[in-house]
Amino acid sequence: MTHDAVSSRHPLPEEYLSQLNPSQQEAVIHNGSPLLILAGAGSGKTRVITTKIAYLISCKGVDPHSILAVTFTKKAALEMAERARFLEPAASRTQIKTFHSFGAWFLRLYAAEAGIDRNFTVYDDEDSMTLLRKAVPSLTKPEAAEFAHKIALAKDYCLAPDSPDLGTVSTHESFSCIYQAYQDRLRSTGNVDFGDLIMLPVQLLQNNPAVKQHMHRCFSVIMVDEYQDANTAQFLLLQQMAGPDTYICVVGDDDQSIYRFRGAEVQNILNFPRQFPGTTLIKLEQNYRSTPQILKPANEVISRNANRFDKELKAVRHDGEIPVLTFLHSQYDETSFCAEIIAQAHEKGVPYHDWAILYRTNIQSLGFETEFLHRKIPYTIVGSLKFYDREEIKDVTAYLALLANHRDEIAFERVINKPARGIGDKSRLKIIAAVRAGASPEQPPDLLQASPELPGLALPAKAASGLKEFNSLMKELAAYLEQGQQKQIPLPVEQLASEAAGRQSAPLPRTEQLSYLIQQIIEKTGLAEYHNAHDEIAGTQRFENMQELANSASLYPLSTGGLLDFLDHIELDRTLEQNESSDTDAVTLITVHNTKGLEFPRVILTGMEDGIFPRQGKNDEEIEEERRLFYVGITRAKDMLLMTSCRTRNRFGKTDEMMPSPFLLEINPGTVKLLGEIPLVFKRNPGNNQTGTEHPLASVWKKGRKIYHDDYGYGWISSTQTLSGEFTITVQFENGLEKRFLPEYQKNLLTPADEL
DNA sequence: GACAGTGAAATTTTT
DNA sequence: TTTCACTGTC
């Protein structure tokens with residue numbers, strides 16, 4: 001249910017303004033100079049942005065169409081739109097988009113100027129890698145993965161293949177050539193990758209004054225949420241979009257910057273006042289979400305970071321329960337501990353949806369799924385369900401992508417022989433070569449025109465008949481699309497109006513839904529039988545998954561426009577729409593990254609072990625980012641926080657001994673309650689009032705302890721020392737060598753079983 | 001060109 | 001432990 005249903009109760013501006021604290025009000029009312037709002041976790045950031053949108057429209061007379069609000073996730077965009085609409089109905093005409101969907105919209109508007117196909121689709125990482133291997137066949141798979149990642153990173157920094165700064169991304173001598181080859185191949189498909197969605201608009205705005213002017217006229221207000229996670233390309237996009245009269249307002253929290261690996265630059269938010277002269281800075285430090293007991297460890301932990309704006313969250317709420325930390329023997333104990341706590345609380349009336357299980361890596365969700373299924377505890381996994389990455393789903397979407405853009409080589413390769421039509425590797429390459437040979441700048445390659453009659457194409461009889469079959473199949477499918485009228489790509493104003501109108505219109509007749517086309521694809525291509533057969537052998541549910549994909553397209557019209565919207569939706573919002581109706585009472589399983597912007601009454605932060613969280617092999621700067629991630633995790637909790645740490649964890653079928661996460665040592669004793677058996681490393685020296693206590697590792701690696709090292713054999717610890725904060729041990733080996741080791745090398749040191 | 005058998009790699013985090 | 005890519009045979 002949306003808030004529109006109660007539109008008669010939209011609050012008046014003086015009502016919603018009076019609910020804000022002074023800093024929040026100041027942020028809402030501020031106008032003119034650029035504005036940076038530093039909004040701590042739980043400080044009512046979304047409320048400020050949505051109120052600001054409403055205020056600009058109803059009190060400042062700003063045209064809602066000329067307000068652009070940008071977020072990072074679709075979920076955040078939807079929430080923002082809904083809340084703004086609740087405060088001010090006219091806000092439904094505001095452009096609230098993710099960075100990437102804005103880029104996609106922009107590029108469709110200026111496809112010709114950007115040199116891409118107007119019907120482009122977006123290649124995901126897997127497609128990009130496939131394309132790279134086409135462009136540079138000599139690359140092995142891991143090499144291709146590495147370079148594809150570097151290319152994506154280069155685009156995050158808005159660096160072209162010939163950029164002099166490319167060395168900051170990769171110093172490999174051929175990187176520039178490889179990047180260029182990839183780029184050429186990508187342009188020949190007419191499609192774009194994720195990075196292009198930001199980088200191409202930046203380049204177009206930089207080089208085309210007419211486009212830039214048009215954008216400046218279009219938007220008088222630009223707001224960016226979660227600015228701490230903007231990368232360089234996104235910063236440049238904002239800079240280009242900002243005209244002399246544009247009001248710029250960014251909101252973020254440097255302590256919650258957690259996407260460095262994706263090119264996010266904390267410097268963007270730290271440098272904002274310099275990049276936009278005259279900036280007003282407003283800090284929101286009042287935390288309305290969590291109890292003081294939860295904020296205490298959060299503040300303790302984050303204060304260890306050096307590179308940050310100085311600030312501290314202040315609790316508004318009354319006292320609650322002290323957070324709990326528990327050490328468990330194995331990951332199995334961890335899952336059953338969580339299940340048990342949740343089940344017990346449920347018996348006392350705590351709903352399942354009060355709970356969220358947080359973990360560092362997706363793989364950790366597996367154990368919880370197994371346990372919860374077994375115990376019949378309902379759960380939902382947020383994000384990364386990887387629904388759209390499934391083989392059968394990618395098969396169907398490849399057919400769709402090819403129908404949208406006839407130049408899509410990657411989609412063509414995927415489906416030409418799936419299900420099998422007797423067209424093997426050699427024939428496939430021949431067909432593509434023939435199509436490319438027949439293309440010219442005026443006549444771009446059209447893979448739907450691929451037929452055995454193409455000049456210079458000599459195929460074995462089997463492949464030729466297969467291609468003929470494929471050719472007529474695609475013609476038949478394309479005909480369905482033809483029936484739907486070509487939807488024009490409208491200007492922002494028209495599009496928003498039509499979108500708003502579209503939402504309220506009656507459901508489409510079945511044969512006018514995009515679902516109908518997908519249904520036809522599943523049946524007529526033979527994917528139905530193909531995957532049905534697999535289902536019977538492997539007990540999977542690929543056929544149902546394809547049906548689900550078809551169903552999810554029922555709101556899209558059967559037209560090229562509808563198809564493009566649908567494919568954008570798939571590529572730009574990978575989180576499957578889950579029925580968030582309040583009648584589904586379920587525990588949330590979620591990665592810490594995915595919790596950004598979310599809150600839960602009860603949070604369990606799991607896998608608090610060294611090597612897992614923080615992940616191993618992190619340098620100092622990366623440790624700071626991991627620490628911010630830990631901070632994000634803690635600050636999601638409203639009423640109750642639990643942390644679990646396991647002594648052993650199974651990886652690759654082996655059982656590894658784990659150490660507690662060093663982050664746990666950064667929380668002062670007394671800030672958390674320890675539950676159950678406490679490992680040696682966590683015991684402070686009893687009766688010894690030396691405040692610093694010994695290094696936590698010292699109780700495990702004691703003098704005299706016998707050890708075994710992979711390279712040096714048996715030995716014993718002759719002394720231990722803490723050198724500039726690093727705990728080290730000196731080992732006397734039986735072969736006479738004496739070696740000193742840093743903690744990170746201690747994983748090579750195995751203690752013989754009899755010692756344990 | 002399709003399939004079965006073998007060996008190595010796999011786990012960040014996401015738009 | 002599981003999964004995926006590669007190799008060799010039919």
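Here the structure is a predicted model, which is why all the values come from computation and not from measurement. Below, chain A is the first sequence line, B the second, and so on; all start at residue 1.
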Next item on the list: Would you say whether A:Phe261 stacks on B:dT12? The test is a distance between ring centres of less than 5.5 Å and an angle between planes of less than 30°.
Entry: no
Next item on the list: Would you please confirm or rule out a distance under 4.0 Å between OP1 or OP2 of B:dT14 and any side-chain N or O of A:Asn362?
Entry: yes
Check: What pair of heavy atoms forms the shortest contact from A:Tyr179 to A:Ala160, and how long is it?
Finding: CE2-C, 3.6 Å
Next item on the list: For A:Phe72 and B:dT13, give me the distance from atom CZ to atom C1', rounded to whole Å.
Entry: 15 Å
Next item on the list: Measure from OH on A:Tyr259 to P on B:dT15 and round the result to the nearest Å.
Entry: 6 Å
Note to self: Judged by each residue's nearest nucleotide on DNA chain B, which is more toward the 5′ side, A:Glu625 or A:Gly422?
What the structure shows: A:Gly422
Margin query: Between A:Arg636 and A:Val632 (side chain of the first, backbone of the second, donor and acceptor by atom type, cut-off under 3.5 Å), is there such a pair?
Written below: yes
Next item on the list: In whole angstrom, give the distance that lies between atom CG of A:Asp229 and atom P of B:dT13.
Entry: 16 Å
Notebook entry, point to check: What do you reckon, is CD of A:Glu621 surrounded by more than 12 foreign heavy atoms closer than 6.0 Å?
Noted result: no
Next item on the list: Name the orientation class of the two ring planes belonging to A:Tyr259 and A:Phe261 (parallel below 30°, tilted from 30 to 60°, perpendicular beyond 60°).
Entry: tilted
Notebook entry, point to check: What pairs with A:Leu373 under side-chain contact (heavy atoms from CB on, under 4.5 Å), at least two apart in sequence or on another chain?
Noted result: A:Tyr379
Notebook entry, point to check: Residues two or more places apart in sequence or in another chain: which of them pass ring pair (Phe, Tyr, Trp, His ring centres under 6.0 Å) with A:Phe272?
Noted result: A:Tyr227, A:Phe276
What nitrogen or oxygen pairs link the protein and nucleotides 4-11 of chain B at under 3.5 Å?
{"from": "B:dT11", "atom 1": "O3'", "to": "A:Arg615", "atom 2": "NH2", "distance (Å)": "3.1"}

Got a list of protein N/O to nucleotides 4-9 of chain C N/O distances below 3.5 Å?
{"from": "C:dA5", "atom 1": "OP1", "to": "A:Lys141", "atom 2": "NZ", "distance (Å)": "2.9"}

Next item on the list: List in chain and number order the residues that pass ring pair (Phe, Tyr, Trp, His ring centres under 6.0 Å) with A:Phe102, two or more places apart in sequence or in another chain; answer none if no residue qualifies.
Entry: A:Trp105
Notebook entry, point to check: Which nucleotide in the set B:dA2, B:dT12, B:dG1 lies at the smallest distance from any side-chain heavy atom of A:Ala420?
Noted result: B:dA2
Item checked: Partner set under ring pair (Phe, Tyr, Trp, His ring centres under 6.0 Å) for A:Phe663, not counting sequence neighbours -> A:Phe630
Checklist line | Whole-Å gap separating C1' (B:dT14) and NZ (A:Lys74) | finding: 15 Å
Margin query: For B:dT13 and A:Asn594 - does any side-chain N or O of the residue sit under 4.0 Å from the phosphate oxygens OP1/OP2?
Written below: no
Item checked: OP1 or OP2 of B:dT14 under 4.0 Å from side-chain N/O of A:Thr73 -> no
Notebook entry, point to check: Between atom CG in A:Asp568 and atom C1' in B:dT15, what is the gap in whole Å?
Noted result: 13 Å
Checklist line | Between P of B:dT13 and OH of A:Tyr359, the distance in whole Å | finding: 10 Å
Checklist line | Whole angstrom value for the distance that separates C1' of B:dT14 from CG of A:Leu153 | finding: 13 Å
Note to self: Rounding to an integer number of angstrom, what distance separates B:dT13 and C:dT2 when you compare their C1' atoms?
What the structure shows: 22 Å
Next item on the list: Run the numbers on A:Glu334 and A:Thr644 for side-chain hydrogen bond (donor to acceptor under 3.5 Å, both in side chains), then give the verdict.
Entry: CA-CA 7 Å; A:Glu334 182 180 52; A:Thr644 58; 2.6 Å; yes
Note to self: Within the 4.0 Å heavy-atom criterion, would you say A:Phe99 contacts the bases, only the backbone, or no part of the nucleic acid?
What the structure shows: nothing
Next item on the list: Determine the contact category for A:Ile198: base if any of its heavy atoms lies under 4.0 Å from a base atom, sugar-phosphate if only primed atoms, P, OP1 or OP2 are that close, otherwise nothing.
Entry: nothing
Note to self: Taking the nucleotide of DNA chain B with the nearest heavy atom to each, does A:Glu626 or A:Thr98 sit closer to the 5' end?
What the structure shows: A:Glu626
Check: Do A:Arg421 side-chain atoms and A:Ile416 backbone N/O form a donor-acceptor pair below 3.5 Å?
Finding: yes
Check: Can we call the ring centroids of A:Phe412 and A:Phe470 under 6.0 Å apart?
Finding: yes
Note to self: Does B:dT12 have its OP1 or OP2 closer than 4.0 Å to a side-chain nitrogen or oxygen of A:Thr591?
What the structure shows: no
Next item on the list: Assign A:Ala463 to base, sugar-phosphate, or nothing according to its heavy-atom contacts below 4.0 angstrom with the strands shown.
Entry: nothing
Next item on the list: Calculate the interatomic distance between A:Lys462 atom NZ and B:dG1 atom P; express it in whole Å.
Entry: 8 Å
Item checked: Nearest-nucleotide pick for A:Lys426, side chain only, options being B:dG1, B:dT13, B:dT15 -> B:dG1
Check: Across the strands shown, which category fits A:Ser101 at heavy-atom distances under 4.0 angstrom: base, sugar-phosphate, nothing?
Finding: nothing
